[in-house]
Amino acid sequence: DKILTKFSDRKLSYQVGQRLYSSKKRNSLVVEREIFVNDIRHFRVRIEGMKVKKAVILSEVALLEDQYKSSKDISEKEILF
């Protein structure tokens with residue numbers, strides 16, 4: 001029973017194809033691929049607005065710490081910074 005509550009309490013945070021915004025970092029990125037390294041969930045992301053097209057790998061914890069949210073989770077006011 002405890003296992004089921006842990007899975008149901010944990011919401012699915014990030015998915016491939018999502019566009020994320022951070023008011024803390026003041027930028028947006030697109031999640032391109034999901035990668036598991038040592039049982040830790042990582043994502044290859046593309047930062048929008050960069051002149052050089054560069055993919056960056058970030059862990060799920062790093063995205064949560066930088067307060068990245070999907071466009072569905074935030075208001076229009078927050079998107080405009």
Side-chain angles (χ1 to χ4, degrees):
D1 196 25
K2 289 183 181 182
I3 295 172
L4 291 176
T5 56
K6 284 185 181 182
F7 284 124
S8 63
D9 287 343
R10 183 180 178 202
K11 68 175 189 174
L12 297 173
S13 54
Y14 304 115
Q15 298 175 353
V16 175
Q18 259 185 331
R19 177 170 275 123
L20 305 174
Y21 300 94
S22 172
S23 57
K24 184 177 180 181
K25 292 283 187 173
R26 300 186 66 76
N27 63 6
S28 63
L29 49 88
V30 176
V31 178
E32 292 184 335
R33 186 174 178 198
E34 184 178 356
I35 305 165
F36 283 93
V37 179
N38 295 332
D39 294 328
I40 300 172
R41 193 172 174 197
H42 290 74
F43 296 96
R44 185 175 78 188
V45 297
R46 186 185 68 230
I47 300 172
E48 294 184 334
M50 292 182 69
K51 293 181 181 181
V52 178
K53 199 172 190 180
K54 181 179 168 184
V56 179
I57 296 177
L58 296 172
S59 69
E60 185 175 25
V61 174
L63 291 173
L64 289 171
E65 285 177 356
D66 290 339
Q67 300 171 359
Y68 279 98
K69 299 176 185 174
S70 70
S71 59
K72 295 176 187 174
D73 296 339
I74 57 177
S75 67
E76 277 294 318
K77 191 175 182 180
E78 284 183 305
I79 291 175
L80 297 174
F81 299 119

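- Using modelled atom types, no side-chain atom of Tyr68 and backbone atom of Tyr14 make a donor-acceptor pair closer than 3.5 Å.
- Between Ser28 and Glu48 the shortest heavy-atom distance is OG-OE1, 2.8 Å.
- Between the CG atom in Asn27 and the CG atom in Asp66 there is a gap of 8.5 Å [rounded to 0.5 Å].
- Here the closest heavy-atom approach between residue Lys24 and residue Glu65 is recorded as NZ-O, 3.4 Å.
- In this structure, Lys69 and Tyr21 have side chains that are not in contact, with every pair of non-hydrogen atoms separated by 4.5 Å or more.
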key: Stepwise side chain to side chain contact (heavy atoms under 4.5 Å, CB included) check, Phe36 with Arg41   = CA-CA 5 Å; Phe36 283 93; Arg41 193 172 174 197; 4.0 Å; yes

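- Note: the hydrophobic cluster containing Leu20 also contains Leu64 (ILVMFWY, side chain heavy atoms under 4.5 Å, direct or indirect links).
- Heavy-atom minimum distance, Val16 versus Glu34: CG2-N, 3.8 Å.
- In this structure, Val30 shares a hydrophobic cluster with no other residue, the cluster being traced through Ile, Leu, Val, Met, Phe, Trp and Tyr side chains under 4.5 angstrom apart.
- When the side chains of ILVMFWY residues are joined at heavy-atom separations under 4.5 Å, either directly or via intervening members, Val31 and Ile35 end up in two distinct hydrophobic clusters.
- Atom CG in Leu29 sits 10.0 Å away from atom CD in Gln18 (nearest 0.5 Å).
- Val61 and Leu63 are members of different hydrophobic clusters when ILVMFWY side chains are connected at heavy-atom separations under 4.5 Å.
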